[in-house]
*Asks:* 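I have a structure I would like to understand better, so I am pasting it below and will then ask my questions one at a time.
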Amino acid sequence: MMKRAVSLDVLRGLSIFGMILSGTIPFGSSLPAWMYHAQTPPPSHAFNPGIPGITWVDLVLPVFIFCMGAAIPLALGKKLEKGQRVPELVKQIAARFATLVLFAIYIAHIMPHAIGKGFCNLNLLGTTVEGYDLQLFTFLGFLLMFPMFANIRDSKKKIIYRTIVWGGAAVLLLALRFIYGQEFSLYRSNIIILLLANVYLWGALGWLLTRKSMTAKLALFIFWAAIQLLSKYTGFGNTGDVLPLVSWLFKLRMTFYLILLIPSTIIGEWIAERLKSPKNFTEQVGVHLWKHVFFTLAFILTVWLVLALFSRWMIAVYIVTPVLLGCMYWIASKHIPTYKKEISLAAYLILIGLLLEPVEGGIRKDYVTASYLLITGGMATCLLLFFEYLSAYFAHSKLVKIVEGAGSNPLMAYVMSTWFAFPLLHISFFIGLYNLLNPAGYPWIGVLRAACMVMVLMLFVNWLVKKKIVWRV
């Protein structure tokens with residue numbers, strides 16, 4: 001039986017931690033620019049697509065998409081081995097896409113600011129909560145998600161529960177319409193979930209189509225790269241926006257991330273091969289000291305690229321990066337051949353991305369550049385290598401277990417802050433204490449507050465995983 005890819009769960013959990021943290025840290029403060037998206041620097045956070053570079057915040061989304069892509073061959077490959085046919089898998093992929101789109105629309109409509117103007121303002125011990133009723137509705141909407149996505153094995157019960165709960169969600173949205181005058185719109189959706197739905201749909205279908213041929217994968221990669229190039233210089237990527245019947249669920253420009261996802265499915269296939277091996281990690285990499293150097297360099301390379309590309313140390317980037325990649329390739333070739341393919345692919349992605357970087361006017365998340373997708377894909381590969389090493393040596397660490405738990409339950413972890421923690425803070429009036437922990441002139445205390453809250457949420461998700469309360473689409 002294939003073992004579970006713990007390193008993939010850990011990396012996915014960390015990306016969710018970063019995703020929530022980046023949206024929770026204080027804005028408009030004196031924190032350095034590298035604490036935010038490179039194109040929305042403080043203090044105004046006004047979007048400026050002319051600023052080149054990336055920060056750790058810009059690495060969060062591509063790492064999550066990378067993990068999603070690497071999981072595709074693991075999940076679908078296992079189903080194929082069990083005898084499921086391709087048409088059946090296509091139906092499952094389409095159903096998952098549809099559910100994610102509905103989920104994106106649902107969570108966007110139950111956010112307090114999207115509901116409307118509240119009727120109930122309450123004060124307790126000096127803490128005033130405006131729109132207390134809105135917070136209650138958001139919290140109720142969150143609770144409905146548990147039976148929506150609970151992992152129910154009995155197919156008949158699953159259909160009954162899903163029908164009842166989605167019906168309840170529809171009733172909730174109707175109530176918001178009649179009570180607050182909220183206008184339901186298919187075009188109001190959570191952009192991150194909608195992006196993931198689109199990338200998953202085309203990525204999973206693409207993997208099914210090309211799973212038996214590396215040449216076919218390369219051809220598909222070139223096709224989507226050509227789409228990205230065509231869109232960049234002709235506006236072709238906005239084509240779907242003028243088609244109202246489809247623009248609410250499909251946007252062509254979201255498929256740009258397939259340039260990142262397709263290589264990650266290749267990594268996923270190699271992970272599957274290793275997981276099927278009877279050898280453990282130590283037996284695969286050996287007992288020599290070179291393995292410590294190799295995996296440490298994988299982490300150092302990632303940190304270096306973020307620092308250098310943000311600071312625009314471009315001459316140093318073009319000198320140091322090939323040297324680090326060359327050292328890793330040499331170590332893998334001589335001492336750790338198991339990981340030679342991974343570091344080769346990472347090197348290709350990073351080096352090609354660096355060649356494109358000046359051509360595109362610098363690496364940028366928004367508007368997304370090919371260099372961003374390629375370089376972050378290579379960086380995500382290096383991070384996965386590092387966490388595979390870390391997970392092997394600290395498999396029983398409580399911190400690793402916490403992050404792994406969140407990574408194995410990503411949908412729940414994603415909504416925990418906006419749709420659970422903040423409504424709960426308002427409902428309980430603890431929002432006053434929470435705001436006190438962000439004193440003016442001390443923004444790093446606000447960062448510590450955000451990090452502590454995210455860690456508590458990760459602990460809660462991990463506890464739910466232990467209780468076998470897991471969301472599945």
*Asks:* Is it the case that atom CZ in F394 sees more than 12 heavy atoms from other parts of the structure closer than 6.0 Å?
*Replies:* no
*Asks:* Evaluate the side-chain proximity of C327 to L297: yes if any heavy-atom separation is below 4.5 Å, no if none is.
*Replies:* yes
*Asks:* Would a 4.5 Å heavy-atom cut-off, applied to side chains only, mark W224 and F256 as touching?
*Replies:* no
*Asks:* Distance-only, no hydrogens or angles: does the T255 side chain make a donor-acceptor pair with backbone N or O of K251 under 3.5 Å?
*Replies:* no
*Asks:* Please lay out, stage by stage, how T381 and E342 fare under the test side-chain hydrogen bond (donor to acceptor under 3.5 Å, both in side chains).
*Replies:* CA-CA 7 Å; T381 303; E342 275 92 337; over 6 Å; no
*Asks:* For residues 56-70, which residue pairs pass the side-chain hydrogen bond (donor to acceptor under 3.5 Å, both in side chains) check, not counting sequence neighbours?
*Replies:*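 Checked against side-chain hydrogen bond (donor to acceptor under 3.5 Å, both in side chains) - neighbours excluded - the pairs reaching residues 56-70 are H37-D58, T55-D58.
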*Asks:* For the pair Y389 and H292, name the ring-plane relationship: parallel under 30°, tilted 30 to 60°, perpendicular over 60°.
*Replies:*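 If you compare the ring of Y389 with that of H292, the planes turn out perpendicular.
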*Asks:* Quick one: do F66 and M379 satisfy side-chain contact (heavy atoms from CB on, under 4.5 Å)? Show the steps, please.
*Replies:* CA-CA 10 Å; F66 174 89; M379 293 164 72; over 6 Å; no
*Asks:* Report, as yes or no, whether the 6.0 Å neighbourhood of atom CZ on F27 holds more than 12 heavy atoms from other residues, nucleotides or ligands.
*Replies:*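 Atom CZ in F27 is crowded, with more than 12 foreign heavy atoms closer than 6.0 Å.
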*Asks:* E360 side chain to A370 main-chain N or O, any donor-acceptor pair under 3.5 Å?
*Replies:*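 Yes; judged by distance alone, with no hydrogens or angles, the pair exists.
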*Asks:* Report the C-alpha distance between W313 and L307 in whole Å, list the side-chain angles of each, state the deciding distance to 0.1 Å, and finish with yes or no for side-chain contact (heavy atoms from CB on, under 4.5 Å).
*Replies:* CA-CA 8 Å; W313 299 337; L307 177 63; 3.7 Å; yes
*Asks:* Against C382, only a single residue in I300, V303, T302 fulfils side chain to side chain contact (heavy atoms under 4.5 Å, CB included); can you say which?
*Replies:*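 Checked I300, V303, T302 against C382; only one passes side chain to side chain contact (heavy atoms under 4.5 Å, CB included): T302.
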*Asks:* Is the distance from the ring center of F299 to that of F387 below 6.0 Å?
*Replies:*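 Ring centroids of F299 and F387 are no less than 6.0 Å from each other.
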*Asks:* Tell me, with the steps shown, if Y339 and E388 meet side-chain hydrogen bond (donor to acceptor under 3.5 Å, both in side chains).
*Replies:* CA-CA 11 Å; Y339 291 92; E388 192 160 332; 2.6 Å; yes
*Asks:* Is the shortest heavy-atom distance from the side chain of I375 to the side chain of L309 under 4.5 Å?
*Replies:*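 Of all side-chain heavy-atom pairs linking L309 with I375, at least one is under 4.5 Å.
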*Asks:* Sort and list the pairs that fulfil side-chain hydrogen bond (donor to acceptor under 3.5 Å, both in side chains) and have at least one residue in residues 258-271, not counting sequence neighbours.
*Replies:* W207-E269, K217-E269
*Asks:* Is it the case that the side chain of T138 and the backbone of I110 share a donor-acceptor pair, with hydrogens and angles ignored and the cut-off at 3.5 Å?
*Replies:* yes
*Asks:* Just do the side-chain contact (heavy atoms from CB on, under 4.5 Å) check on V306 and W34 with the steps written out, would you?
*Replies:* CA-CA 9 Å; V306 173; W34 53 263; over 6 Å; no
*Asks:* Do V403 and L11 pass the side-chain contact (heavy atoms from CB on, under 4.5 Å) test, and can you show the C-alpha distance, the side-chain angles, and the key distance before you say yes or no?
*Replies:* CA-CA 8 Å; V403 179; L11 184 57; over 6 Å; no
*Asks:* Return the set of residues passing side chain to side chain contact (heavy atoms under 4.5 Å, CB included) with Y329 (not counting sequence neighbours), or none when no residue passes.
*Replies:* S333, K340, I343, S344
*Asks:* Distance check, rounded to the nearest 0.5 Å: S408 atom OG versus D9 atom CG?
*Replies:* 5.0 Å
*Asks:* So that I can tick it off, tell me whether E88 and K79 are bridged by a salt bridge, with the cut-off set at under 4.0 angstrom between side-chain N and carboxylate O.
*Replies:*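 Judged by the 4.0 Å cut-off on N to carboxylate O distance, K79 and E88 do not form a salt bridge.
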*Asks:* Do V63 and L384 have side-chain heavy atoms sitting under 4.5 Å apart?
*Replies:*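 Counting from C-beta outward, V63 and L384 never come under 4.5 Å.
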*Asks:* Would R12 and F64 count as a cation-pi pair here, with the cationic atom under 6.0 angstrom from the ring centre and within 45° of the axis?
*Replies:* no
*Asks:* For the rings on F295 and F386, is their centre-to-centre separation under 6.0 Å?
*Replies:*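 No.
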*Asks:* Kindly compute the distance separating CG (L59) from NZ (K365), expressed to the nearest 0.5 Å.
*Replies:* 11.5 Å
*Asks:* Would you name the heavy atoms of L385 and A298 that are closest together and state the gap between them?
*Replies:*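 Answer, listing the atom of L385 first, then A298: CB-CB, 4.4 Å.
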*Asks:* If you define the side chain from C-beta out and look only at heavy atoms, does anything of Q92 sit under 4.5 Å from L76?
*Replies:*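 No - every pair of side-chain heavy atoms lies 4.5 Å or more apart.
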*Asks:* Are F294 and H335 an aromatic pair, judged by ring center distance below 6.0 Å?
*Replies:*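 No, too far apart.
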*Asks:* Grab the two heavy atoms, one from P147 and one from V165, that are nearest each other, plus how far apart they are.
*Replies:* CB-CG2, 3.3 Å
*Asks:* So do the side chains of W202 and M254 get within less than 4.5 Å of each other, counting heavy atoms only?
*Replies:*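 The answer is no, as the side chains (C-beta and beyond) never meet within the 4.5 Å cut-off.
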*Asks:* Using a 3.5 Å distance criterion without hydrogens, assess whether the side chain of T369 forms a donor-acceptor pair with backbone atoms of Y372.
*Replies:* yes
*Asks:* Verify the ring-centre separation between H426 and F139: is it less than 6.0 angstrom?
*Replies:*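 Ring centres of H426 and F139 not closer than 6.0 Å.
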*Asks:* So do W444 and L448 actually touch side chain to side chain, heavy atoms under 4.5 Å?
*Replies:* no
*Asks:* Check this for me, if you would: do E357 and R364 make a salt bridge, where the nitrogen-to-carboxylate-oxygen distance has to be below 4.0 angstrom?
*Replies:*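 No, no charged N to carboxylate O under 4.0 Å.
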*Asks:* Taking the ring centre of each residue, are F422 and Y434 less than 6.0 Å apart?
*Replies:*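 Distance test on ring centres: under 6.0 Å, yes.
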*Asks:* Determine, stepwise, if the pair K398 / E404 fulfils salt bridge (charged side-chain N to carboxylate O under 4.0 Å, His left out).
*Replies:* CA-CA 10 Å; K398 288 185 178 180; E404 179 191 351; over 6 Å; no
*Asks:* Would you say I193 and Y414 make side-chain contact, with heavy atoms under 4.5 Å?
*Replies:* yes
